[in-house]
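As structure tokens, the structure follows; a few thoughts come after it.
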Amino acid sequence: MDNTTQTLIATVDKLSDSKELKQLFHEQQFGNPLPSQEQLQNIIDILRSIIFPGFYGRSNVNINTIQYHIGVRVERLHKMLTEQVLAGLCFVESVPAAEHVTLDILKNKAKKIATDIVGKLPMIKAVLATDIEAAYLGDPAADNQSEIIACYPCIKALTNYRLAHELFVMGVPLIPRMLTEMAHSETGIDIHPGASIGHHFCIDHGTGVVIGGTCIIGNNVKLYQGVTLGAKSFPLDADGNPIKGIPRHPILEDDVIVYSNATVLGRITISKGTVIGANKWVTENV
């Protein structure tokens with residue numbers, strides 16, 4: 001056996017060592033792979049074409065055919081969501097404590113979640129309409145709301161976030177974060193799906209905005225580029241591990257404006273109507 005072969009065999013043995021694979025290996029449960037990034041992108045594309053017909057998807061949609069086109073897309077969205085939610089459920093249910101869970105139980109759960117999400121689409125559309133209105137009224141450079149829908153990164157990011165947040169609230173694992181990270185890659189806007197955001201929300205320009213997972217944002221709030229709504233260094237337990245599941249991010253009440261590159265950290269409250277200037281560092285209630 002030559003040196004090359006020996007090196008290859010030794011490398012495979014080391015890479016396959018169960019001790020070295022800890023936390024780095026995902027064994028498929030019930031034969032289901034992880035949720036597909038490609039399929040989730042297809043879901044977002046279909047969602048955008050449902051919420052904004054004529055702007056995304058087929059551009060030849062007209063008022064006489066709109067119900068048909070939306071019907072076809074909603075049916076396809078439901079099917080794809082069911083498949084991907086099932087993959088997400090199988091991902092988390094692979095732990096030993098869930099050995100009693102069967103594939104049929106997970107399939108029924110995934111179908112119900114997908115159905116509930118489809119039922120929420122009118123609500124998601126209505127809230128996104130307020131976000132579009134806020135972006136248009138808040139930007140003198142915008143000629144019309146159609147330009148906002150077609151071009152502005154905040155609407156693309158918020159479309160992903162509004163869907164991801166509903167999935168997050170329903171307890172769907174993995175997929176909500178994947179959806180918002182896809183928007184992060186596309187727009188430079190990083191919104192954790194666990195954040196709670198009211199209506200008429202506007203992010204101007206958007207690049208570099210970060211919104212943490214326990215943020216609570218009221219109505220008519222506007223952020224500019226580079227704003228961070230983050231957490232301070234988190235507390236550790238007796239073993240030195242970070243304590244999770246506690247509120248760590250800011251609360252922004254209604255009508256707050258945060259200008260570019262401001263950093264707001266910790267579980268503090270920014271009161272109604274407050275304006276935070278650019279490049280400010282805020283760690284106490286305002």
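Source: prediction; values computed, not measured.
Val127 and Arg162 make their closest contact through CG1-CZ, 3.3 Å (heavy atoms, listed as atom of the first residue, atom of the second, distance). Nearest heavy-atom pair across Pro250 and Val264 is CG-O, 3.4 Å. Heavy atoms only, all atoms of each residue included: Lys111 and His78 are closest at O-NE2, 3.8 Å. Of all heavy-atom pairs spanning Asp255 and Val221, the tightest one is N-CG2, 4.2 Å. Contact detail for Leu89 and Ala110: the closest heavy-atom pair is CD1-N, 3.9 Å. Taking all atoms of both residues into account, the shortest heavy-atom contact from Met80 to Ile46 is SD-CD1, 3.5 Å.
For Asp254 (side chain) and Lys272 (main-chain N/O), no donor-acceptor pair under 3.5 Å exists by modelled atom type. A donor-acceptor pair is defined here as one N or O able to donate and one able to accept, closer than 3.5 Å; no such pair exists between the side chain of Lys156 and the backbone of Thr187. Checking side-chain atoms of Arg248 against main-chain N and O of Gly212 turns up no donor-acceptor pair under 3.5 Å. Looking only at distances, no side-chain donor or acceptor of His200 sits under 3.5 Å from a matching main-chain atom of Asn220. When atom types are taken as modelled, the side chain of His205 and the backbone of Thr207 share no donor-acceptor pair closer than 3.5 angstrom. Under the 3.5 Å distance criterion, the side-chain polar atoms of Tyr56 are left unmatched by any main-chain donor or acceptor of Ile44. Using modelled atom types, one side-chain atom of Ser271 and one backbone atom of Val286 make a donor-acceptor pair closer than 3.5 Å.
Counting heavy atoms from C-beta on, the side chains of Ile197 and Ile191 come closer than 4.5 Å. A heavy-atom distance below 4.5 Å is found between the side chains of Leu223 and Phe201. Side-chain contact check for Leu229 versus Ile217: some heavy-atom pair is nearer than 4.5 Å.
With sequence neighbours left out, the side-chain contact (heavy atoms from CB on, under 4.5 Å) criterion links Ser260 to Tyr224, Gln225, Ala278.
Of the residues Val72, Leu77, Val118, the one that meets the side chain to side chain contact (heavy atoms under 4.5 Å, CB included) test with Ile50 is Leu77.
Using modelled atom types, one finds a donor on one side chain and an acceptor on the other under 3.5 Å when comparing Asp45 with Gln41.
Cluster annotation: Phe168 is not connected to Ile216 through the hydrophobic network of ILVMFWY side chains, with a link wherever side-chain heavy atoms come within less than 4.5 Å.
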